[in-house]
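Right, one structure below, let's go through it.
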2 protein chains.
Amino acid sequence: MVGRAPAERPPRTDARRNRERLLVVAREAFDEAGPDASLVEIARRAGVGQGTLYRHFPTRAALLSAVLADRIETLRRQAAELSAALSTDEALAAWLHLFLVHARVNQGLAGAFMTEGPETAADCHQTITAAAADLLGRAQRTGTARPDLSPDDLIQIVVGIALATARDGDAGQADRLLTLVLDAVHRTGPVA
Amino acid sequence: MVGRAPAERPPRTDARRNRERLLVVAREAFDEAGPDASLVEIARRAGVGQGTLYRHFPTRAALLSAVLADRIETLRRQAAELSAALSTDEALAAWLHLFLVHARVNQGLAGAFMTEGPETAADCHQTITAAAADLLGRAQRTGTARPDLSPDDLIQIVVGIALATARDGDAGQADRLLTLVLDAVHRTGPVA
DNA sequence: TGGACAACCGGACATCGTGTCCGTATCGTA
DNA sequence: TACGATACGGACACGATGTCCGGTTGTCCA
């Protein structure tokens with residue numbers, strides 16, 4: 001084991017402050033303009049120089065996943081809550097719906113999963129997949145969900161729905177497609 | 001009815017030649033670098049100025065859909081062939097598989113559907129949807145596909161699968177997800 | 001308290017991509 | 001051949017990304 005960082009100092013207060021401001025502004029900007037929002041514009045609105053932005057968040061993905069971190073955390077928590085409050089099937093359906101809505105609203109979520117390799121968004125993906133595994137696993141053990149479906153595949157197809165329906169305002173279509181998928185998920189027997 | 005175009009002249013030979021060269025080069029470029037390939041680079045490799053490129057294809061989408069036009073045409077033809085050769089269900093499955101493969105290989109296809117409004121890629125979308133409507137309609141009349149599914153929704157979810165699985169090389173996942181969807185499509189009765 | 005050093009800031013800059021504009025060259029026709 | 005319509009080409013304006021460095025500001029210690 002090599003020498004570890006020698007008592008690494010905490011970041012300076014102004015650095016910490018700027019980081020917070022950037023996150024707040026970035027959240028707004030991504031909500032307004034989608035995941036392609038201009039980074040210089042974000043820096044400008046946060047009242048900092050571009051250098052500051054790029055120092056804190058070297059890439060767009062880094063900023064995106066930082067912004068998304070708490071949404072992801074929220075989704076994780078909601079998975080647990082729904083799992084406790086509803087039946088397995090209802091919980092799975094409700095949570096996937098929440099996930100879909102979030103993924104569509106800021107397409108950045110789905111975008112962050114896709115445009116990056118596993119490096120940056122790995123944590124997010126990990127957390128989401130774990131939550132899905134929990135809910136799906138319960139349904140599978142209960143016998144109401146087909147056993148030959150992985151949490152990763154489930155997440156991926158919902159991401160697909162989000163990506164495919166992100167642009168047009170037809171939210172109904174996204175819901176219909178999710179319903180279709182859920183139908184398939186619960187199909188454990190042969191075709192009727 | 002107002003006066004129609006007065007005997008509109010055919011394009012000049014050099015214009016026609018340049019258009020061809022651009023299409024050839026663009027096809028290569030999109031295959032190599034994906035749908036975000038640089039347009040100036042395409043112009044350069046085709047030996048024409050940027051102005052020429054933008055005159056023939058005012059937007060990236062215009063170029064993309066021109067490049068895709070023959071692939072789309074191929075898909076349309078294959079739909080008819082499969083429809084004649086196989087059972088309705090097999091034809092539908094086989095064609096959706098072909099569509100998925102094409103959409104993934106050059107993500108540009110799916111990209112063209114998404115990044116544009118209905119304006120530019122309308123023809124492509126129209127053709128694809130029509131082919132899907134044909135195959136799906138037959139299955140629905142046969143009674144092997146759920147009646148509450150529109151061709152548009154079907155296409156959209158396959159596009160979603162393509163978008164979501166375009167980056168990572170796991171072609172198996174795309175197939176698994178398509179199978180899942182097909183399962184749902186054929187589910188005409190209550191859950192087993 | 002105050003001074004020195006590291007950490008941090010800000011914005012200019014280099015680079016790349018898109019799409020427009022217009023002077024010039026070339027094609028088609030009389 | 002000569003003329004007008006058509007098309008060409010590249011400079012240009014604009015906007016975005018990411019880097020770099022001189023100046024500034026916190027932090028720590030004497």
### Query
Which whole-number value in Å describes the distance from A/Leu64 CG to D/dT17 P?
11 Å

### Query
Would you say a side-chain N or O of A/Thr13 is under 4.0 Å from OP1 or OP2 of D/dT27?
yes

### Task
Could you state the atom-to-atom distance from OH of A/Tyr54 to P of C/dT15 in whole Å?
16 Å

### Query
Rounded to whole angstroms, how far apart are CD1 on A/Ile42 and C1' on D/dG15?
15 Å

### Message
Students often get this wrong, so: under 4.0 angstrom with heavy atoms, is A/Ala46 touching a base, only sugar-phosphate, or nothing?
### Response
nothing

### Summary
Rounded to whole Å, the CZ-C1' distance (A/Arg21 to C/dC9) equals 14 Å

### Task
Return the value, rounded to whole Å, for the distance between atom CG of B/Leu53 and atom P of C/dT20.
12 Å

#### Entry: Contacts of type salt bridge (charged side-chain N to carboxylate O under 4.0 Å, His left out), residue B/Arg146, not counting sequence neighbours
A/Asp183, B/Asp148

#### Entry: Electrostatic pair A/Arg77-A/Glu73, nearest N-O below 4.0 angstrom
no

### Query
Should B/Glu41 and B/Arg44 count as an ion pair when the cut-off is N to O under 4.0 Å?
yes

### Under 4.0 Å protein heavy-atom contact, by nucleotide of nucleotides 1-11 of chain D - B base, S sugar-phosphate only
----BBSBBBB

### Query
Do you know which two heavy atoms are closest between B/Gly49 and B/Ala43, and how far apart they sit?
O-CB, 3.9 Å

### Task
Assess whether atom CZ of B/Arg45 is packed by more than 12 heavy atoms of other residues, nucleotides or ligands within 6.0 Å.
yes

Can you give me every donor-acceptor pair (side chain of residues 89-97 of chain A, partner residue at least two apart or in another chain, under 3.5 Å) with its distance?
residue : atom : partner  : partner atom : Å
A/Asp89 : OD1  : A/Thr144 : OG1          : 2.5
A/Asp89 : OD2  : A/Thr144 : OG1          : 3.4
A/Glu90 : OE1  : A/Ser87  : OG           : 3.3
A/Trp95 : NE1  : A/Leu75  : O            : 3.0

#### Entry: Interatomic distance, A/Arg60 CZ vs D/dA16 C1' [rounded to whole Å]
9 Å

### Task
Give the rounded distance in Å between these two atoms: CD of A/Glu41 and P of C/dG11.
14 Å

